[in-house]
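Structure first, commentary second.
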Amino acid sequence: AQTVTQSQPEMSVQEAETVTLSCTYDTSESDYYLFWYKQPPSRQMILVIRQEAYKQQNATENRFSVNFQKAAKSFSLKISDSQLGDAAMYFCALWGGSEKLVFGKGTKLTVNP
Amino acid sequence: EADIYQTPRYLVIGTGKKITLECSQTMGHDKMYWYQQDPGMELHLIHYSYGVNSTEKGDLSSESTVSRIRTEHFPLTLESARPSHTSQYLCASATSGTYNEQFFGPGTRLTVL
């Protein structure tokens, strides 16, 4: 069975600071993908960043980057220069060869002005 | 701009009513999904489809049913709504490519009185 664990139900950060959201996962697949999704309050869920497991290089999208530790099965999201618009629920997700994504329970990020 | 649409966005109905939540996508995706999500909580997969005439039950037992007669359309029906069905329902679609990056609709927030 594949699992995704987000151990931080809530996090907060000051505007312009950096915050890291944690995610660990478990899968027996050798080929898999990991995702971070963002769900702003009352708005649509969107993909923030994607990481292919076979790539050693950590994915980066503007202010968002990941720290992918394959051996430790860890996939954390770093948000640099946090902005008020980054406030949202963040979901870590795993695709491991099935037709379904496995989601974590989410981390609620608050950005303080 | 999102290419996956859900109607209605908000629905308040009385117990015992039959309802259909609509989901359409214009991306030509084969895979479509329905999730149930209470506010600020995790996503629970309730139905998915590999393509036309394919429907599968998800991880969370649901009294709803789905159909997939056209690629772009994946409606969800509740024959007799109950207060326990009060929740947000998210529709998503994905390509049949190597990985399962899902694109989400804006959601339908259902309240059953």
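All chains are named by letter (A, B, ...) in the order of the sequence lines, taking the proteins before the strands, and each is independently numbered beginning at 1.
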Worked verdict on B:Leu43 versus A:Met89 for side-chain contact (heavy atoms from CB on, under 4.5 Å) = CA-CA 11 Å; B:Leu43 284 76; A:Met89 284 289 290; over 6 Å; no
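Here the OH-CG distance, from B:Tyr48 to A:Leu101, works out to 12.0 Å after rounding to the nearest 0.5 Å. From B:Gln88, atom CD reaches atom OG of A:Ser42 across 8.0 Å, with rounding to the nearest 0.5 Å. With rounding to the nearest 0.5 angstrom, the CZ atom of A:Phe35 is 8.0 Å from the CD atom of B:Gln102.
Heavy atoms of A:Gln39 lying under 4.5 Å from chain B belong exclusively to its side chain. Both the backbone and the side chain of A:Met45 come within less than 4.5 Å of a heavy atom in chain B.
With contacts defined as side-chain heavy-atom distances shorter than 4.5 Å, the pair A:Phe91/B:Gln37 qualifies. Taking the side chain as every heavy atom from C-beta outward, B:Leu90 and A:Gln44 never approach each other to under 4.5 Å.
Hydrophobic clustering (ILVMFWY, side-chain heavy atoms < 4.5 Å, transitive): A:Trp36 and A:Trp95 are in distinct clusters. Linking ILVMFWY residues whenever their side-chain heavy atoms come closer than 4.5 Å, directly or via other members, places B:Leu21 and B:Val112 in the same cluster. At a threshold of 4.5 Å between side-chain heavy atoms, the hydrophobic network of Ile, Leu, Val, Met, Phe, Trp and Tyr places B:Val66 and B:Tyr5 in two separate groups. Linking Ile, Leu, Val, Met, Phe, Trp and Tyr residues whenever their side-chain heavy atoms come within less than 4.5 Å leaves B:Met41 and B:Tyr89 in two separate clusters. Under the 4.5 Å side-chain heavy-atom criterion for grouping Ile, Leu, Val, Met, Phe, Trp and Tyr, A:Phe103 is connected to A:Leu47 within one hydrophobic cluster.
In this structure A:Lys105 satisfies the salt bridge (Lys or Arg N to Asp or Glu O under 4.0 Å) test together with B:Glu42, sequence neighbours excluded.
Although no hydrogens or angles enter the test, the distance criterion places no donor-acceptor pair under 3.5 Å between the side chain of A:Tyr37 and the main chain of B:Phe104.
For A:Lys108, the NZ atom sits in a loose shell: 12 or fewer heavy atoms of surrounding residues, nucleotides or ligands are nearer than 6.0 Å.
Among B:Tyr35, B:Phe103, B:Tyr50, the residue making the largest number of heavy-atom pairs under 4.5 Å with chain A is B:Tyr50.
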